[in-house]
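Taking it in order: structure first as structure tokens, then the write-up.
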There are 2 protein chains.
Amino acid sequence: MKIGELGKRTGLSVHTIRYYERIGLLPPADRDASGQRDYDGSVLVWIGFLERLKTTGMPIREMLRYAELRTKGDHTGPERREILEMHRDRVRAHLADLQASLLVLDTKIDTYVDLEKRTRKHDDTRPPSPGNRSRAGKQTGSRNKIGTRAART
Amino acid sequence: MKIGELGKRTGLSVHTIRYYERIGLLPPADRDASGQRDYDGSVLVWIGFLERLKTTGMPIREMLRYAELRTKGDHTGPERREILEMHRDRVRAHLADLQASLLVLDTKIDTYVDLEKRTRKHDDTRPPSPGNRSRAGKQTGSRNKIGTRAART
DNA sequence: CTAGGGGTTCGAGTGTACTCTAAGTCAAGA
DNA sequence: TCTTGACTTAGAGTACACTCGAACCCCTAG
């Protein structure tokens, strides 16, 4: 597989792929007769894993450390596991943070919805809410009852 | 409250606070007799909300849009609600992504753990795992049974 | 044989969100 | 009075993760 093909399959630009190789995130690619990079399928798995690490917010420096250990062989397993465990804990914390923030958002949105309802009550000549075409449908009424009263920030 | 005090209370540096004011995230602060910024408590609520938006990954440009609407008065409520709803949907999607990635991490960690177990079986002179002092304790055995077999990336 | 579409390298440029420096003003305590 | 420390501004610098440009090489189809 040439670099362009790999780019298409992974969604990375060829620039990014070469950049990853340059900094050491990807192992130096095999070359074909004319010196061009020639990838085999296994790199797809590795890139997929890197993308997981990226979406979970691992900085490149830490991915590099992991990649470096990987090339050093099986005996680095325990240290790699440690990196992943530390990262997992961070991800779990961030997840909890996001969930809490989601509640805040829901509550605030409900405040706005209530406000609009009340406004329409005092002015029923107004058409049934221009901004209310249910967007992506799901869980529109999701008020996670906790306080329901958001501070008027 | 002076800017230094506000910094201490919010965890923002005074640089950052002035930066936020400069770009419009914070309303122009009231000034005391000698022209220094003098905040009242309400700004704490607003900054708290901004921090929620930030942890959930809202870019500053969008926060700016929201802040701008806020200063324009109550009639901008519906548009503010729309911004928050769109953002909420993105956060929900990101959350799902994180959760999936967490499973991958757990699975991979388990692979390493299994590997180490097997290694110790073949070499029981080795002390009971140097990297195994249970870090922060919680959920150490959390294998989210799905495949249990991670690809050897 | 030539145009097009790949490939190569090195190094510079971009966007985001701060983060800090420089040079100065001002108020209160020793 | 002098020092200390907090404040002011404009603007430069930083870290991260790409992203692109320039200048070049090489293979294949028309």
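Numbered from 1 within each chain, the chains take letters A, B, ... in sequence-line order. Just so it is clear, the values below take in all heavy atoms, side chains as well, and ignore hydrogens, waters and symmetry mates. If you're wondering where the values come from, they're calculated on a predicted model, not measured in any experiment.
Atom CD1 of A/Ile3 and atom P of D/dC25 are 20 Å apart (whole Å). Summarising the geometry, the separation between CD1 on B/Ile60 and P on C/dT16 is reported as 10 Å, rounded to the nearest angstrom. Atom CG of B/Leu6 is separated from atom P of D/dA6 by 15 Å (rounded to the nearest Å). Note: CZ (B/Arg22) to P (C/dC18) measures 12 Å, nearest angstrom.
Taking every heavy atom of both residues into account, B/Tyr39 and B/Ala29 meet most closely at CE2-CB, 3.5 Å. Residues B/Leu53 and B/Leu84 come closest through the heavy atom pair CD2-CD2, 4.2 Å.
Using a 4.0 Å heavy-atom cutoff across all strands shown, B/Arg18 reaches at least one base atom of the nucleic acid.
For D/dC18, the OP1/OP2 oxygens have a side-chain nitrogen or oxygen of A/Lys54 closer than 4.0 Å. Residue A/Tyr20 places at least one side-chain N or O under 4.0 Å from the OP1 or OP2 atom of D/dC18. Remark: B/Arg61 is in phosphate contact with C/dT16, judged by side-chain N or O atoms under 4.0 Å from OP1 or OP2. Residue A/Arg37 places at least one side-chain N or O under 4.0 Å from the OP1 or OP2 atom of C/dT9. Of the side-chain N and O atoms in A/Tyr19, none sit less than 4.0 angstrom from OP1 or OP2 of D/dC20.
Distance from the side chain of B/His15 is smallest for C/dC20 among the nucleotides C/dG7, C/dC20, D/dG21. Of the candidates C/dT9, C/dG11, C/dA17, the closest approach to any side-chain atom of A/Arg31 belongs to C/dT9.
Between A/Tyr112 and B/Tyr66, the ring planes are perpendicular. Angles over 60° get that label, and only those under 30° would be called parallel.
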